[in-house]
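All values derive from a computational prediction rather than experimental measurement. For ligands, and for the atoms within them, numbers begin at 1 and follow the listed sequence. The figures here come from the full heavy-atom set of this structure, side chains too, leaving out hydrogens, waters and symmetry mates.
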Amino acid sequence: MKSDLIVLGGGPAGGNAALAAAAAGLSVVLFDEQPAAGGQVWRAPWAGKADPHDSPERREGDALRDALASSPVDLRFGRRVWSVGRAFRVDALGPDGNEWVEAPRLIAATGAHERVVPFPGWTLPGVIGLAAATVLLKSHAARPAGPVVVAGCGPLLAAVAAGILKAGGDVAAVVDLASARDWLVAVPHLASRPSLLAQGLGWTLKIAGRGVPVLFRHAVRRVEGAERAERVVIAPVDETGAFTGGSERSFEIGSLVVGHGLVPGGEVPRLFRAKTRFDRLRGGHVPELDADGRTSIAGLYAAGDGVGIKGAAAAVLNGTLAGLAAARDAGRLSESEWRKRAEPARTAAAGLAPFSDAIAGLMALRAGQVASVPAETVVCRCEDVTRGEIEAAAVAGATEVNQLKHFTRCGMGPCQGRMCGETAAEILARSLGVEREAVGQWTARPPLRPVPLADLLGRFDYSDIPIPKPAPL
Ligand SMILES: Cc1cc2nc3c(=O)[nH]c(=O)nc-3n(C[C@H](O)[C@H](O)[C@H](O)COP(=O)(O)OP(=O)(O)OC[C@H]3O[C@@H](n4cnc5c(N)ncnc54)[C@H](O)[C@@H]3O)c2cc1C
């Protein structure tokens, strides 16, 4: 099937990109592996799991889902995109097997994934990601087993702790890498989005109202337990995130929820070898874009957290701009009409910059965090590669992340480095005594997401495979 435009991702960025392009007259196909639009932040509850609590995110998500449902966009939810080929042929696995669409233009709005800087015990059952916990709370109306310690950095800490309390859970402590002063410095910038600041204050009051201790400038030292997480040990850190040697505290836990910010998921621009640059504030490598989301590859646009962590409000605006740019490039919008539609989004995006910078700053990786990972701790959990093995690979001659892959298999498992990639790259750079940029970025290749081969090839019996006759000697 052919279309004018394919949008990958039905979150705030992709959903709004599709709406803007369709309103300008393009035929648009939108793919997302989720069952409904909303992405990570505005995710819909799964069938039969309706979260009874109203929330601003729920309302924003419902508005996007309604707008898409009444638009001409061809919505392909429940489809896992595993390949994006030349001429923007997109292959996706859905309920009826593989399906493909081709278009002269494609907008990648595939969002971010979360970063957890490893510590001893981080792979034990009962340790779950901070961003992953939002999925439990929003889509499944489930909460982590208590008592829960919520640890890491950024605004999701308070959001998740308050969400667990609201769902009737027991939060033993909130452990924040940032200091109270870091937050006070951020507040004036966060005030540029008063509704979000008010939401954050609401979470803080809920946590304080339940008497939950908030330990600033602390981090998880280790998790102890035989079969699963039973106890978490935390300790004070300095402003770089390195442990200071101050006294440890421990909490008995049912779960540890922990996350250290987000990493842009730029697989599609990387697949096409679009120009990128390393941006520590924005979470890692980001594609180089013009003001409307065009990458260095003709016809390929990108928007949302996949092009650098800026949050949902910025994703809406960048998505809209990318959708309008695609329509303009396809000749469906005159210069004046494009200007009329794009100008409000551009102005609003510029106004959001202080807010976006402040939240990205609170989630950015600090140098001392990675320095604190013990040598025997597993970094790549898919392939069981430790920090010590990464350092040994550096000594043996690996000078760049894809060589690290060849030396150790780090980043070669089912998650394809989404979980460990940035930490492993930082460790390699530190071992070599170079800047993070110098060790490069992981190459992307299909399958972009793990897919069962049987679903692509159909069922077959080995005895049905014709065996060629042996060649004569
Ligand atoms: C797990 C997680 C939870 C988060 N929770 C919150 C939160 O509660 N509050 C908050 O403010 N911010 C949250 N964030 C940050 C939030 O994602 C962003 O600020 C915002 O959602 C960015 O919008 P986006 O449209 O760029 O990306 P997203 O909202 O992430 O949307 C991207 C979409 O692309 C789809 N997609 C990606 N790859 C494929 C593929 N190969 N095939 C098919 N579909 C694909 C995904 O299913 C997703 O729906 C979370 C981030 C993560 C990673």
Side-chain angles (χ1 to χ4, degrees), residues 6-18 29-44 51 55-58 60-61 64-65 76-84 90-94 99 107-116 128-139 154-160 162-163 193 196 199-200 203 257 259 261-268 271 282-283 293 302-320 322 352 355-356 359-360 362-363 416 418-419 444 446-451:
I6 298 170
V7 177
L8 294 191
N16 282 284
V29 178
L30 183 150
F31 282 102
D32 199 304
E33 62 186 331
Q34 301 297 329
Q40 302 293 1
V41 59
W42 299 339
R43 54 177 50 249
D51 169 5
S55 68
E57 279 110 353
R58 168 64 68 76
E60 301 243 41
L64 178 64
R65 288 183 278 278
R76 309 271 182 109
F77 291 110
R79 266 76 166 193
R80 174 167 287 199
V81 172
W82 62 273
S83 169
V84 184
V90 168
D91 279 79
L93 256 187
E99 57 190 74
I107 298 177
T110 51
H113 36 264
E114 85 171 310
R115 172 170 50 218
V116 179
I128 64 171
L130 185 61
T134 68
V135 182
L136 273 186
L137 291 164
K138 290 183 192 175
S139 277
L156 282 182
L157 273 182
V160 168
R193 291 279 300 177
L196 293 180
Q199 192 184 29
W203 295 329
V257 172
L262 301 170
V263 178
E267 291 98 336
V268 176
L271 197 61
R282 299 277 168 236
D305 270 5
V307 303
I309 307 308
K310 290 188 180 177
V316 169
L317 300 167
N318 298 335
T320 303
L352 264 182
F355 177 87
S356 302
I359 59 159
L362 288 164
M363 291 194 284
Q416 287 289 291
R418 272 187 283 276
M419 183 58 99
L448 293 171
R449 291 281 189 277
V451 283

Does a side-chain heavy-atom distance below 4.5 Å link [X] with [Y]?
{"X": "Trp203", "Y": "Val160", "result": "no"}
{"X": "Phe31", "Y": "Val84", "result": "no"}
{"X": "Lys310", "Y": "Arg282", "result": "yes"}
{"X": "Val135", "Y": "Arg43", "result": "yes"}
{"X": "Leu136", "Y": "Ile128", "result": "yes"}

Would you tabulate the polar-atom pairs, meaning N/O of ligand 1 against N/O of the protein, with distances under 3.5 Å, reported to 0.1 Å?
{"from": "ligand 1", "atom 1": "5 (N)", "to": "Thr134", "atom 2": "OG1", "distance (Å)": "3.2"}
{"from": "ligand 1", "atom 1": "8 (O)", "to": "Lys138", "atom 2": "NZ", "distance (Å)": "2.6"}
{"from": "ligand 1", "atom 1": "19 (O)", "to": "Asp305", "atom 2": "OD2", "distance (Å)": "2.8"}
{"from": "ligand 1", "atom 1": "19 (O)", "to": "Ala312", "atom 2": "N", "distance (Å)": "3.3"}
{"from": "ligand 1", "atom 1": "25 (O)", "to": "Pro12", "atom 2": "N", "distance (Å)": "3.2"}
{"from": "ligand 1", "atom 1": "25 (O)", "to": "Ala13", "atom 2": "N", "distance (Å)": "2.9"}
{"from": "ligand 1", "atom 1": "26 (O)", "to": "Asp305", "atom 2": "N", "distance (Å)": "2.8"}
{"from": "ligand 1", "atom 1": "29 (O)", "to": "Gln40", "atom 2": "N", "distance (Å)": "2.9"}
{"from": "ligand 1", "atom 1": "38 (N)", "to": "Arg449", "atom 2": "NH2", "distance (Å)": "3.1"}
{"from": "ligand 1", "atom 1": "41 (N)", "to": "Val81", "atom 2": "O", "distance (Å)": "3.0"}
{"from": "ligand 1", "atom 1": "42 (N)", "to": "Val81", "atom 2": "N", "distance (Å)": "2.9"}
{"from": "ligand 1", "atom 1": "44 (N)", "to": "Glu33", "atom 2": "N", "distance (Å)": "3.0"}
{"from": "ligand 1", "atom 1": "47 (O)", "to": "Asp32", "atom 2": "OD1", "distance (Å)": "2.7"}
{"from": "ligand 1", "atom 1": "49 (O)", "to": "Asp32", "atom 2": "OD1", "distance (Å)": "3.2"}
{"from": "ligand 1", "atom 1": "49 (O)", "to": "Asp32", "atom 2": "OD2", "distance (Å)": "2.6"}

Interatomic distance, Leu156 atom CG to Ile359 atom CD1 [nearest 0.5 angstrom]: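 Interatomic distance, Leu156 CG to Ile359 CD1, rounded to 0.5 Å: 8.5 Å.
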
